[in-house]
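Data first, discussion second: the structure below is written as structure tokens.
When a ligand or atom number is given, it counts from 1 through the structure's own listing order. Everything numeric here is computed off the predicted structure, so don't read it as measured data.
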Amino acid sequence: MELRTLFAERFKLPVVLENDANAAGLGEALFGAGRAADSLLYVNVGTGVGGAVIIKGRIHRGAHSSAGEIGHVVVKPDGPTCTCGKRGCVEALASGDAIGRRARERMAADASAATVLRKVPPAELTGCVVGMAAARGDALARQLMTEAATWLGMAIAGAANVIDPEVVVIGGGVAETGEPFLVPLQEAFKRYAVAPLSASTPVVAAELGYNAGVVGAAAVAFVELGIVKPNSSM
Ligand SMILES: [Zn+2]
């Protein structure tokens, strides 16, 4: 039985089902950083990298429900193997898991590099931890965040060249670490996006923070059940 049907029968309520990145993207489009925009590219950088394309208040799904899967854009063909089986996907280079793995590799390769990250148990070395160390000025952490943000910026620029969104919104736990990730990401976007996007398309932090999933799920329900008309102002 479909999950949706199971829940609908159990709770005797209408049920809508959506993936987390699409929901968060719609949430940002209706209630967050993209609420003034007609079109939005949302990118979530957490343990993985996900995304969504929102056009006129609607999730654009594509022919195979794969629209927005920016995590599996290849930016380094000889890069590490991704969970999808390909090599050099942006998820294998810029996700929270990837940043943690790269931190462990870098410290193992250069035992003399002084970094606060050595105090963190390897299993707890995530992208968020590296981001926090970067925000406090740790040189290796800043370098790792810059590298990850640059790979992601390259993928976002490519996607933006095709979609030409009014705004690019970056959310998720890694993005929450702020300046050490967002600034090099914005610089890479300017470097790789076509003009006039490179100069005029804002790449901004999400506004809904850790509530993005919950607010996004509500946004999906509002739109699907007709409580909010797509593209109507809130
Ligand atoms: Zn992949």
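Salt bridge annotation for Arg142-Glu179: present, with a cationic side-chain nitrogen under 4.0 angstrom from a carboxylate oxygen. The pair Glu187-Arg191 fails the salt-bridge criterion, with no side-chain N (NZ, NE, NH1 or NH2) lying under 4.0 Å from an Asp/Glu carboxylate O. Using a 4.0 Å cut-off between charged nitrogen and carboxylate oxygen, Glu91 and Lys86 do not count as a salt-bridge pair.
Within the 4.5 Å cutoff, side-chain heavy atoms of Asp38 are placed close to those of Lys56.
Under 2.8 Å from the Zn ion (ligand 1), one finds the following protein N/O/S atoms: His72 ND1, Cys82 SG, Cys84 SG, Cys89 SG.
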Name each donor-acceptor pair under 3.5 Å that joins a side chain in residues 147-159 to protein atoms two or more places apart or in another chain, with its distance.
from	atom 1	to	atom 2	distance (Å)
Glu147	OE1	Arg102	NH2	2.8
Glu147	OE1	Arg106	NH2	2.6
Glu147	OE2	Arg106	NH1	3.4
Glu147	OE2	Arg106	NH2	3.4
Glu147	OE2	Gln143	NE2	3.4
Thr150	OG1	Thr146	O	2.6

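Tracing side-chain contacts under 4.5 Å through hydrophobic residues (I, L, V, M, F, W, Y), one never reaches Leu182 starting from Tyr42; they form parts of separate clusters.
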